[in-house]
Protein chains: 2
Amino acid sequence: MEYQFSQRVTSLKPSAIREILKNSSAPGVIPLSAGNPAPDAFPAEDIRAISQQLLTDTPMEALQYSVTEGYPPLRQHVKEYMANKHHVGSDFDEILITSGAQQVMDLLTKTMLNEGDTVLCESPSFIGSLNTFRSYQARLVGVEMEPDGISIQGLQQALETQKNIKYLYTIPNFQNPSGITMSLEKRKKVYELCRDHNVLILEDNPYGDLRFAGEDLPSIKSFDEAGIVVYAGSFSKVISPGMRVGFVIGPQPVVQKMVVCKQGEDVHSNIWAQIVCHRFMTQRDYEAHLNRLRCIYRRKSTVLLEAMEAHFAPLITWNTFQGGLFAWCTLPDSIDMLEFVRRGSQRKACVVPGTAFLTDEAQPCSCFRINFSTPSDQQLEEGIQILGELAREMSAGK
Amino acid sequence: MEYQFSQRVTSLKPSAIREILKNSSAPGVIPLSAGNPAPDAFPAEDIRAISQQLLTDTPMEALQYSVTEGYPPLRQHVKEYMANKHHVGSDFDEILITSGAQQVMDLLTKTMLNEGDTVLCESPSFIGSLNTFRSYQARLVGVEMEPDGISIQGLQQALETQKNIKYLYTIPNFQNPSGITMSLEKRKKVYELCRDHNVLILEDNPYGDLRFAGEDLPSIKSFDEAGIVVYAGSFSKVISPGMRVGFVIGPQPVVQKMVVCKQGEDVHSNIWAQIVCHRFMTQRDYEAHLNRLRCIYRRKSTVLLEAMEAHFAPLITWNTFQGGLFAWCTLPDSIDMLEFVRRGSQRKACVVPGTAFLTDEAQPCSCFRINFSTPSDQQLEEGIQILGELAREMSAGK
């Protein structure tokens with residue numbers, strides 16, 4: 001049979017990151033291309049104990065059907081936690097538990113976008129989200145990133161000239177892939193500009209708790225009085241990504257439509273994982289756990305930075321970053337980035353080509369992304385050395 | 001802010017079943033409206049033991065990111081199991097693990113349907129799937145059900161007259177809501193007709209293992225030589241619905257597109273649950289477990305049938321059923337079905353109005369659906385008695 005696919009999927013490609021991830025577990029490969037939390041960052045023993053008690057005392061709670069909106073005690077706790085700790089969420093907001101934050105991107109897009117509508121995004125931005133927007137035939141318009149976050153001039157221009165803009169997608173903290181954190185001034189300005197242009201903001205904050213340098217900045221959602229910010233949170237980087245638990249806090253009318261869409265997608269998210277997240281947050285010292293994670297990533301980032309100083313500088317440069325899992329590196333003009341990534345991969349040092357994160361993969365780009373949470377210290381040092389040597393070879397015309 | 005929703009969600013309503021489910025756990029309510037597996041059907045002790053060992057020995061396996069296609073050993077095992085036991089799956093097929101079978105409906109629709117394309121479905125049919133199709137702006141065309149399955153004449157006429165048909169949606173075993181099982185002759189005829197009209201078949205089989213009377217019939221997928229059948233399976237009714245694990249076996253080009261769509265929806269399904277399903281199928285006596293389930297539902301269906309004989313007959317009639325979780329009942333013309341359901345609910349006996357399962361809820365319908373897996377024996381007897389009395393009252397003009 002000749003299959004007639006829908007228009008929306010005909011042009012879609014599998015995510016380059018996921019495709020690379022598949023091979024990154026091959027023997028001997030140094031996984032600088034991944035985005036996995038560090039193995040020692042998982043509260044595995046707590047999850048085991050909580051799970052054991054749950055499945056012993058009230059197994060039906062974890063195994064029976066549940067409601068689409070999410071496990072009620074988890075919804076209530078996250079709502080209070082986010083309000084008290086981060087000033088996220090108002091009376092006009094609602095919370096929905098999702099199957100990872102990725103599902104927030106999907107559900108909001110399904111709820112808001114007609115074919116051809118525009119999504120503004122930071123350029124570069126997280127490929128997983130861009131692909132989700134593309135799967136609804138969104139028109140992606142990238143706005144240039146600056147060292148303190150999205151270009152305000154670029155955003156203003158886009159808001160004034162682009163048509164049918166449904167939302168701005170932004171990752172204000174330790175952005176994936178650039179590592180950039182948006183300044184407080186820009187956060188306020190972004191909020192005001194979008195509000196004045198009647199454009200929603202999708203604020204994605206998977207790494208916010210992983211700050212290991214500098215001071216926490218308020219989320220854009222914390223300024224939201226007009227009900228224009230949809231906030232996506234995730235337990236993937238702070239508890240476990242395999243569990244697939246995330247959440248969205250946004251204006252009630254929007255989230256209610258997202259609930260209807262979620263009913264049709266997966267009925268509800270795995271309930272065992274929702275209960276484990278709730279008990280881990282409420283029955284363990286959650287703040288101490290987050291501090292432990294920050295120590296782990298601070299240490300690992302230091303290993304990376306020292307290796308880059310030794311092997312990359314001055315040929316390859318990198319953005320400073322105060323948290324998250326990624327470093328964004330720039331090659332000199334003399335080196336072809338895609339060729340560099342290809343040859344690095346042949347030498348078992350896998351990184352993600354910067355083009356993967358652009359709204360238009362055909363644009364020129366001399367950057368690549370390094371993940372420092374997945375590899376061991378030794379792998380980090382080894383991988384950076386391989387890439388540094390490769391860059392020097394290529395720079396010398398070899 | 002005034003929110004401008006997408007066209008696709010503007011007309012959507014929350015599923016009546018899920019809305020009813022929310023209230024069905026209120027104190028004193030008899031949950032004849034639900035679709036939950038019976039509490040004693042869960043292999044809770046096995047799941048606890050498997051989970052404990054997994055989270056002790058190799059916690060990273062259960063907690064780290066995984067691949068979109070699903071846990072490789074589970075994919076391999078289900079592929080072999082379905083091929084050997086049910087002749088489901090050929091060389092041209094591929095398997096994908098999903099977040100419950102509901103996600104199969106979603107991903108196939110996303111992969112195949114453009115706005116306004118036609119989905120043929122049995123009338124009545126499962127509301128959850130119909131709502132998923134609606135969420136992609138499908139045009140639903142219902143084909144009448146007969147005691148031995150979909151009307152072949154009706155199907156032939158629809159295939160010849162309807163435009164842009166992308167697939168036929170069918171639940172051949174113990175259909176939800178009608179309880180009807182499609183005859184072998186009709187299964188073959190349905191396959192041939194769809195093949196000859198170049199129309200895919202989405203065969204949904206969540207209840208196939210829950211046959212407690214009669215003989216197993218081959219699935220439509222087992223006839224598939226042309227690569228036109230997409231088969232949806234689920235562990236929700238045989239292991240646990242809270243885990244959200246299902247699967248699809250279908251032609252490779254179709255399933256590969258579904259994988260791309262799943263990447264954008266939830267990256268992958270909860271991996272702990274996938275491993276538990278794999279170990280439960282391979283390390284426990286799975287066939288003995290399925291036999292145990294059949295005994296549970298055979299017994300519960302007998303409780304229901306005896307109560308209906310005592311309190312419904314002859315005023316309310318019902319379809320015979322050989323498995324599954326539901327009975328489909330028909331009121332005499334003298335009783336208004338929606339009023340009956342409303343008054344039953346007031347008396348704490350909640351059933352689902354038949355109109356919820358139609359492609360057009362405004363069509364006349366004198367049927368309602370009873371679930372016999374969720375309520376206890378006592379609740380079943382009590383609920384049927386209440387509804388029987390109510391019908392006699394209404395029939396007498398009260």
Side-chain angles (χ1 to χ4, degrees), chain A residues 1 3 5-9 12 14-15 18 22 36 39 42 44 47-48 51-52 55-56 59-60 62-68 99-100 102-103 106 110-114 128 131-132 135 198 226-228 240-244 251 253-254 257 260-261 263-267 269-273, chain B residues 1 3 5-9 12 14-15 18 22 36 39 42 44 47-48 51-52 55-56 59-60 62-68 99-100 102-103 106 110-114 128 131-132 135 198 226-228 240-244 251 253-254 257 260-261 263-267 269-273:
Chain A
M1 184 178 185
Y3 305 102
F5 297 113
S6 65
Q7 288 156 15
R8 73 177 76 80
V9 308
L12 283 182
S15 152
R18 308 271 349 144
K22 267 191 219 167
N36 293 2
F42 290 80
I47 293 173
R48 191 200 55 70
S51 191
Q52 173 71 354
L55 291 169
T56 303
M60 276 312 98
L63 301 177
Q64 190 54 281
Y65 275 117
S66 186
V67 291
T68 305
S99 301
Q102 186 74 37
Q103 197 179 37
D106 182 88
K110 186 160 190 178
T111 294
M112 304 307 298
L113 245 86
N114 292 319
N131 280 340
T132 300
S135 78
N198 261 308
I228 62 157
S240 149
M243 286 187 168
R244 312 305 307 128
V254 175
K257 294 279 186 194
V260 177
C261 290
Q263 283 181 349
E265 272 190 15
D266 61 7
V267 188
S269 298
N270 180 293
I271 181 69
W272 163 81
Chain B
M1 183 176 187
Y3 305 103
F5 298 112
S6 65
Q7 288 155 16
R8 71 177 77 82
V9 307
L12 283 183
S15 152
R18 308 280 335 153
K22 267 191 218 167
N36 293 3
F42 290 80
I47 294 172
R48 192 200 53 70
S51 191
Q52 174 71 355
L55 292 169
T56 303
M60 275 313 96
L63 302 176
Q64 188 56 279
Y65 274 118
S66 187
V67 290
T68 305
S99 302
Q102 185 76 37
Q103 197 179 36
D106 182 89
K110 187 161 187 176
T111 295
M112 304 308 298
L113 246 85
N114 292 317
N131 281 340
T132 300
S135 77
N198 262 308
I228 63 157
S240 149
M243 287 186 167
R244 312 304 307 129
V254 176
K257 293 282 185 192
V260 177
C261 290
Q263 282 181 350
E265 272 191 14
D266 61 7
V267 188
S269 298
N270 179 294
I271 181 70
W272 163 82

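By convention in this document, chain letters (A, B, ...) are assigned in the order of the sequence lines, proteins followed by strands, and residues within each chain are numbered from 1.
- How far OG of B:S6 is from NZ of A:K257: 8.5 Å, rounded to the nearest 0.5 Å.
- Rounding to the nearest 0.5 angstrom, the gap separating the CG atom in B:D266 from the CG atom in B:D106 is 9.5 Å.
- Just one of A:Q263, A:K110, A:E265 meets the side chain to side chain donor-acceptor pair (under 3.5 Å) condition when paired with B:S135; it is A:K110.
- Interface remark: A:A226 contributes backbone atoms only to the contact with chain B (heavy atom separation under 4.5 Å).
- Interface remark: A:M60 contributes side-chain atoms only to the contact with chain B (heavy atom separation under 4.5 Å).
- With a 4.5 Å cut-off on non-hydrogen atoms, B:M112 touches chain A through its backbone and its side chain both.
- Partners of A:S240 under the side chain to side chain donor-acceptor pair (under 3.5 Å) rule, at least two apart in sequence or in another chain, do not exist in this structure.
- When each of B:L63, B:I271, B:V254, B:N114 is scored by its heavy-atom pairs under 4.5 Å with chain A, the top score falls to B:L63.
- Heavy atoms closer than 4.5 Å to chain A are found in both the backbone and the side chain of B:A44.
- With a 4.5 Å cut-off on non-hydrogen atoms, A:S99 touches chain B through its backbone and its side chain both.
- When heavy atoms are compared at a cutoff of 4.5 Å, B:P59 approaches chain A solely by way of its side chain, counted from C-beta outward.
- Comparing B:A62, B:P251, B:S51 by how many heavy-atom pairs each has under 4.5 Å with chain A, the most go to B:P251.
- Between the CG atom in B:N131 and the SG atom in A:C261 there is a gap of 10.5 Å [rounded to 0.5 Å].
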